[in-house]
Amino acid sequence: MTRVTLGRWGRSLAVRLPAEVAEATGFGVGQKIEIIGRRGEIIIRRAPSSALEKMFAGKTTEEWRELYAGTDVWGPDAGREVVEE
């Protein structure tokens, strides 16, 4: 068991995870986690991935933009879409 001291981060309390705890849990910088407080205990666990995160994983923002560049061009307006200005 590792003991740490609560600190302050703005108006919130903060806990630093010691390196050995981070290593044992596989947590790293940028990791999304859930924090649950109940009955005097705090539970910290890896947040489940959302379907959206899974769908877009593996490519950078720039790669997605390049892949879909120009896909929003559908051609000229037709029928009731035509707007007279």
Side-chain angles (χ1 to χ4, degrees):
M1 174 169 37
T2 303
R3 291 182 180 229
V4 296
T5 303
L6 287 174
R8 182 153 302 279
W9 190 347
R11 294 183 349 180
S12 300
L13 293 177
V15 174
R16 286 182 170 209
L17 295 181
E20 63 270 10
V21 172
E23 187 176 316
T25 58
F27 288 178
V29 175
Q31 174 79 49
K32 295 194 188 300
I33 59 171
E34 292 179 333
I35 302 174
I36 302 163
R38 62 176 152 212
R39 295 189 299 273
E41 293 184 339
I42 298 172
I43 300 168
I44 301 174
R45 62 183 175 207
R46 188 172 278 104
S49 299
S50 71
L52 191 62
E53 287 173 334
K54 287 178 184 174
M55 186 168 66
F56 288 102
K59 285 189 174 51
T60 65
T61 305
E62 292 75 24
E63 290 171 323
W64 283 110
R65 286 185 182 139
E66 184 179 318
L67 184 64
Y68 287 98
T71 59
D72 59 341
V73 180
W74 299 354
D77 293 340
R80 295 189 317 179
E81 295 176 349
V82 177
V83 178
E84 309 241 352
E85 294 184 31

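Here the shortest heavy-atom pairing between F56 and W64 reads O-NE1, 3.4 Å. Contact record, P48 with E34: CD-OE2, 3.4 Å, taken as the closest heavy-atom pair. Between F27 and R46, the closest heavy-atom pair is CD2-NH2, 3.7 Å.
Under the 4.5 Å side-chain heavy-atom criterion for ILVMFWY residues, a single connected hydrophobic cluster contains both L67 and M55.
Residue-environment remark: CD (Q31) exceeds the threshold of 12 foreign heavy atoms within 6.0 Å. Around atom CD of E41, no more than 12 heavy atoms belonging to other residues, nucleotides or ligands sit under 6.0 Å away.
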**Asked** For I35 and I33, what are the C-alpha separation, side-chain angles and deciding distance, and is it a side-chain contact (heavy atoms from CB on, under 4.5 Å)?
**Response** CA-CA 7 Å; I35 302 174; I33 59 171; 4.2 Å; yes
Residue pair L13, R8: steps toward the side-chain contact (heavy atoms from CB on, under 4.5 Å) verdict: CA-CA 5 Å; L13 293 177; R8 182 153 302 279; 4.1 Å; yes
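With a 4.5 Å cut-off on side-chain heavy atoms, I36 and I42 do not count as touching.
Looking only at distances, no side-chain donor or acceptor of E66 sits under 3.5 Å from a matching main-chain atom of E63.
If you take OG1 on T2 and CG on L17, they are separated by 10.0 Å, rounding to the nearest 0.5 Å.
Applying the ring pair (Phe, Tyr, Trp, His ring centres under 6.0 Å) test to residues at least two apart or on different chains, none of the pairs has a partner in residues 5-26.
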